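Residue indices begin at 1 and follow the sequence shown. Values reported hereafter were calculated over all heavy atoms of this structure, with side chains retained and with hydrogens, waters and symmetry mates removed. This one's a predicted model, so the numbers in the text were calculated from it and none came from an experiment. Atoms within each ligand, like the ligands themselves, are counted from 1 in listed order.
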Amino acid sequence: MILHIGSHISSSKGYEAMGKQALKLGANTFAFFTRNPRGGSAKAILSEDVERFQSLWKEQGYGKIVAHAPYTLNACSDKPDVRRFARETFADDLKRMEYTPGNYYNFHPGSHVGQGEEAGIRLIAKMLNTCLKQEQTTTVLLETMAGKGSEIGRSFEELSRILQQVELSEKMGVCLDTCHVWDAGYDIVEDLDGVLEAFDKTLGLARLKAVHINDSMNPRGSHKDRHAPIGEGFIGLAAFERIINHPALRELPFILETPNDDAGWAREIAMLKERFHCISA
Ligand code: FE
Ligand code: FE
Ligand code: ZN
């Protein structure tokens, strides 16, 4: 059993280039933006490029990759044109994801910008009910959020309330961002077991499909969402060692979104691999 770990990789040169870059960093999974993180139109996908990536990935025996929707996608904006952009981008991304079947598509639920969480949750579920298709092979992940401003997803309960309103909820999962849950107030340093129990009670651990592994520049409950390199923030390396080895988490893909360059990510990947405890079955 190996640690599934990688970082965000630039998608500007296509799938094969992302795969090769991941290998260079010592990664066996990765995240990428489906288009410019600030939005805009996406580049055409070339099937030969995807095929080369798929055979590279198969050859290595590597698992799922975790795409990230643009930050500007806000399903629960108070502006109809922003909601339309979110819906169209989301639907288009889901079509694009089918070039690489069976992977994950992660998105930030959205910010209700003063309409209240009830209205926000309803709008997010509405977008999902419009866009999710029975035939899709992609699992869509709701990301746990720090609760900055009017962000929805600052608690497991809010994510659960979204899922309760989604018809094809079997197409849905959750991505736990360590910086975000820490900033939201969950004590993953002193009480990781308790946090995961709360997750299990509210959402069910079967929903948990990926982890964004980031340290935080701020103390617990700060609602700031400022990522720090692993071991250089308030969460700290010892807690990350427990996180990657936790029985409920250790088989999931871990994605670094730390402020780093390629050399920094390669170092973090190596450091975490070293701290991954091999247990024989
Ligand atoms: Fe994110
Ligand atoms: Fe994240
Ligand atoms: Zn963040």
Just wondering, do Val181 and Phe156 contact through their side chains at under 4.5 Å, heavy atoms?
yes
Examine His68 and say whether one of its N/O/S atoms is closer to the Fe ion (ligand 1) than 2.8 Å.
yes
Passes salt bridge (charged side-chain N to carboxylate O under 4.0 Å, His left out), Glu117 versus Arg161? Steps please.
CA-CA 10 Å; Glu117 48 179 80; Arg161 283 162 64 198; 2.9 Å; yes
Among the N, O or S atoms of Glu257, which one sits nearest to the Fe ion (ligand 2)?
OE1
Only N/O/S atoms count here: what is the atom of Asp177 closest to the Fe ion (ligand 2) called?
OD2
The Zn ion (ligand 3) and Asp225: any N/O/S contact shorter than 2.8 Å?
yes
Is there a side chain to side chain donor-acceptor pair (under 3.5 Å) between His180 and Asp225 once you walk through the steps?
CA-CA 6 Å; His180 296 176; Asp225 191 6; 2.9 Å; yes
Between Trp57 and Phe30, is the ring centre distance below 6.0 Å?
yes
Smallest separation among heavy atoms of Leu256 and Asn214, with atom names:
C-OD1, 3.9 Å
Round to 10° and report the angle made at the Zn ion (ligand 3) by NE2 of His180 and NE2 of His227.
110°
Contact flag His212/the Fe ion (ligand 2), N/O/S atoms, threshold under 2.8 Å
yes
How close do Asn260 and Pro229 get, heavy atom to heavy atom, and via which atoms?
ND2-CB, 4.4 Å
Considering only N, O or S atoms, which atom of Glu143 is nearest to the Fe ion (ligand 2)?
OE2
